[in-house]
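Keep in mind that this is a model prediction, so the values were computed, not measured. Side chains included, hydrogens not; waters and symmetry mates left out as well; all remaining heavy atoms used.
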Amino acid sequence: MLLIHCPYCLEERPELEFRNAGEAHVERPRNLAEISDDEFEKFFFIRTNPKGVAYERWRHIHGCGRFFNAVRDTVSDKFVTTYKAGEPRVDVARDADGIVRTKGAAQ
């Protein structure tokens, strides 16, 4: 079972307490009524599905109930880091040993 760190509760909890809420950092169109059908489709339905680093939204439904962002390596299914909603995207890189780490993090 995976342990996920909630940046609000400041503790690691079992994955069963959380729910994935899709891709993180998706910006809502400002004039939704005025966008084209193609732009509407892109915003509502088209998401990236990378092999490797994925930026996702998660919700701690059996804890604080808040949404937060997570960086997860889809190859290993390991969480690299989590951070509060509204904070900027965290930079990560895959090291020579194949492990994804936040940039500037100590090994």
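For T74, there are no side chain to side chain donor-acceptor pair (under 3.5 Å) partners, not counting sequence neighbours. Considering only residues two or more places apart in sequence or on other chains, D77 meets the side-chain contact (heavy atoms from CB on, under 4.5 Å) condition with L2, R72. Under the rule for a salt bridge (charged side-chain N to carboxylate O under 4.0 Å, His left out), R57 has no partner lying at least two apart in sequence or in another chain. For the ring pair (Phe, Tyr, Trp, His ring centres under 6.0 Å) test, no residue two or more places apart in sequence or in another chain qualifies with Y8. Under the salt bridge (charged side-chain N to carboxylate O under 4.0 Å, His left out) criterion, D37 pairs with no residue, sequence neighbours left out. Take E87 and apply the side-chain contact (heavy atoms from CB on, under 4.5 Å) test, not counting sequence neighbours, and it matches Y83, K84. For R89, the salt bridge (charged side-chain N to carboxylate O under 4.0 Å, His left out) test picks out no residue, with sequence neighbours left out. With sequence neighbours excluded, no residue satisfies side chain to side chain donor-acceptor pair (under 3.5 Å) with Y55. Residues satisfying the ring pair (Phe, Tyr, Trp, His ring centres under 6.0 Å) criterion with F43, sequence neighbours excluded, are absent altogether. Residues satisfying the side chain to side chain donor-acceptor pair (under 3.5 Å) criterion with E39, sequence neighbours excluded, are S36.
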Checklist entry - Passes side-chain contact (heavy atoms from CB on, under 4.5 Å), V80 versus V53? Steps please. => result CA-CA 9 Å; V80 178; V53 176; 5.9 Å; no
Next on the checklist: Walk me through whether V92 and K103 qualify under side-chain contact (heavy atoms from CB on, under 4.5 Å).
Outcome noted: CA-CA 5 Å; V92 297; K103 287 187 179 179; 5.7 Å; no
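L10 and I4 sit in two unconnected hydrophobic clusters of ILVMFWY residues. Membership requires side-chain heavy atoms under 4.5 Å apart, directly or through other members. Linking Ile, Leu, Val, Met, Phe, Trp and Tyr residues whenever their side-chain heavy atoms come within less than 4.5 Å places F79 and F18 in a single cluster. A continuous path of Ile, Leu, Val, Met, Phe, Trp and Tyr side chains, each step under 4.5 Å between heavy atoms, connects F40 with V26, placing both in one hydrophobic cluster.
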Please output the side-chain donor-acceptor pairs of residues 59-70 that fall under 3.5 Å, not counting sequence neighbours, one pair per line with the distance.
{"from": "R59", "atom 1": "NE", "to": "G65", "atom 2": "O", "distance (Å)": "2.9"}
{"from": "H60", "atom 1": "NE2", "to": "E17", "atom 2": "OE1", "distance (Å)": "2.7"}

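Within the structure, the salt bridge (Lys or Arg N to Asp or Glu O under 4.0 Å) test picks out the following pairs touching residues 19-31 (sequence neighbours left out): E27-R30.
The shortest heavy-atom contact between M1 and P14 is SD-CB, 3.2 Å.
The CZ atom of R94 sits 9.5 Å away from atom CD1 of I99, with the distance rounded to the nearest 0.5 Å.
Salt bridge absent: D73 and K78 never bring a charged side-chain N and a carboxylate O closer than 4.0 Å.
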